[in-house]
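Accompanying notes for the structure given below.
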Number of protein chains: 2
Amino acid sequence: MPYRRTENVVRRLAARREAIMQAAGALAAEAGIAAVQITPVSRRAGVATGTVYRYFPSKDELVGALVHDVAEREIGAMRRAADAAPGPLSALAAAITTYAARALGSRKLAFALIAEPADAADDARLAFRAALAAELGRRVSAAVQAGLLPGQDIAVAAPALTGALIEGLIGPLAADARDETGTRDAVQALTLFALRGLGVADARARGLVVGTTVPGRERGG
Amino acid sequence: MPYRRTENVVRRLAARREAIMQAAGALAAEAGIAAVQITPVSRRAGVATGTVYRYFPSKDELVGALVHDVAEREIGAMRRAADAAPGPLSALAAAITTYAARALGSRKLAFALIAEPADAADDARLAFRAALAAELGRRVSAAVQAGLLPGQDIAVAAPALTGALIEGLIGPLAADARDETGTRDAVQALTLFALRGLGVADARARGLVVGTTVPGRERGG
DNA sequence: CCAAGGCGTGAACGCTGGCTCACTTCTTTC
DNA sequence: GAAAGAAGTGAGCCAGCGTTCACGCCTTGG
């Protein structure tokens, strides 16, 4: 029975697989997920396009493996930092700062995968988000200047607020299919989160967070 | 000089343009931006594909116009609600609740445009986000159960927190190219925002928010 | 050194989807 | 009703990109 993979070959195969994933990661870091295309990846990894398919059954699986790796590494770092903290609250703080520090430090490496790519195609969506952030930022600024909120970096607060609103209610993570009261509760919870984040200590007591009625659509569809 | 557009024709043209944009919006609402393709849009609008190009020079412009419309409408609603409020803080609260209520009420209509589509292709990214949210949610739960945070709906808080972290630092809205101290400040500001949002009244006093050193990369690229 | 068979290759295939254009149809003006 | 030209049409073109496959090379076991 001729040919059985020797230890050396196994290593070489693993190295190639690794090279392919590295190439994919580099491309993602430089130009977003959309830039992870088989031909560029293979060229960058120094192999032929067909070779990629010896290691990954499809492009989706390649990307999946890449994201999985990165996620494991990043979340692992958060977890380690949190577990080393003395209590639940500082664990939370440690997780957050770890995330934040790593996001900024290796932004292009790891986090291109969760952030929107700078794709020309969806400039439009970014414009919407930006407009939202701008509007909210103006309001926050006004409240700060009126002395109703603590001073803060609007360039951080406005996007963070926008992100919380998007992800908290309409993003893919948000649980949908809530009933009527569930909806009201969610809106309240999110509003509370947002206002507290901005520095309102007692939004409820001040009557800022109240029940909301979901308005009907203004335009058909 | 034969043929000059009569008033009636102008109206018909405007109506067609509107029909095309409505069709595009409906498709976006039902299946995400990726589903806004010329052929389906034209079919839905009851015109030929070529006709679409009589009204919009390219698909990107069509999508752009659509998003612009929606953004104007939604942000307009926020602004009106805010302007009707008695003070800056309740203006802010009004803007947020208006956003939230509309997002939930007409989610499929308007906000499919800023949320990620349920595209099968980028399942991977969602997985990352979901893992992040799960990890953070666990930590928040632990802190709540330890009595260190006020009770809250984790299903809202975790995604909101995740969104704030993503958009606040690595999203396309976040100002990049910060210097070293700017980075530290941003991390601090975001951590403060996040912890306050979760209900920590005095994160700074408790020593939870401290200076951070951005760690080096753990893996090349 | 030979047989066996995995591994590497890259040109080519096929599908998808944006866009065009030669042609028809409709509208206005005279 | 005829000329002029705008508006509508949709089959087809073209580019990008994921995927395949027939072939040659290399490694292994005998």
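Per chain, numbering begins at 1; letters A, B, ... match sequence-line order.
Atom CZ in R43(A) sits roughly 15 Å away from atom C1' in dG18(D) (whole-Å rounding). Taking atom CZ of R4(B) as the reference point, atom P of dA7(D) lies 14 Å away to the nearest angstrom. Atom CG of N8(A) is separated from atom P of dG29(D) by 12 Å (rounded to the nearest Å). Separating the CG atom of L13(A) from the P atom of dT28(D) is a distance of 11 Å, rounded to the nearest angstrom. At whole-Å resolution of the value, CG in L62(B) and P in dC19(C) are 10 Å apart. R5(A) has its CZ atom 15 Å from the C1' atom of dC26(D), to the nearest Å. To the nearest angstrom, P of dT19(D) lies 13 Å from CZ of F56(A).
Applying the side chain to side chain contact (heavy atoms under 4.5 Å, CB included) rule to Q37(A) yields the partners P40(A); only residues at least two apart in sequence or on another chain are considered. With sequence neighbours excluded, no residue forms a side-chain hydrogen bond (donor to acceptor under 3.5 Å, both in side chains) with N8(B). In this view, Y53(B) and I38(B) satisfy the side chain to side chain contact (heavy atoms under 4.5 Å, CB included) rule, not counting sequence neighbours. Residues satisfying the side chain to side chain contact (heavy atoms under 4.5 Å, CB included) criterion with A45(A), sequence neighbours excluded, are I20(A), A23(A), V47(A). Residues meeting the ring-ring contact (aromatic ring centres under 6.0 Å, His included) test with F128(A), sequence neighbours left out: none. The side-chain hydrogen bond (donor to acceptor under 3.5 Å, both in side chains) test applied to R79(B) returns E135(A), not counting sequence neighbours. When the side chain to side chain contact (heavy atoms under 4.5 Å, CB included) test is applied to R196(B), the partners found at least two apart in sequence or on another chain are P150(A), Q152(A), L192(B).
Residue contacts shown for S58(A) are limited to sugar-phosphate atoms, with no base heavy atom under 4.0 Å away.
Considering only side-chain N and O atoms, Y55(B) lies under 4.0 angstrom from the phosphate OP1 or OP2 of dG8(D). For the pair R12(B) and dT27(C), the criterion of a side-chain N or O lying under 4.0 Å from OP1 or OP2 is met. Taking 4.0 angstrom as the limit, R16(A) places a side-chain polar atom (N or O) nearer than this to OP1 or OP2 of dG8(C).
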Table of protein N/O atoms under 3.5 Å from nucleotides 13-17 of chain D N/O atoms:
{"unit_1": "dC17(D)", "atom_1": "OP1", "unit_2": "Q37(A)", "atom_2": "NE2", "d": "2.7"}
{"unit_1": "dC17(D)", "atom_1": "OP2", "unit_2": "Q37(A)", "atom_2": "OE1", "d": "3.3"}

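Remark: side-chain polar atoms of T6(A) are not paired, donor with acceptor, to backbone N or O of V9(A) under 3.5 angstrom.
In summary, of the residues considered (L132(A), I154(A), V156(A), L198(A)), a side-chain contact (heavy atoms from CB on, under 4.5 Å) with L161(A) occurs for L198(A) alone.
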Going 5' to 3' through nucleotides 20-25 of chain C and flagging B where a protein heavy-atom sits under 4.0 Å of the base, S where only the sugar-phosphate is that close, and - otherwise, we get B-----

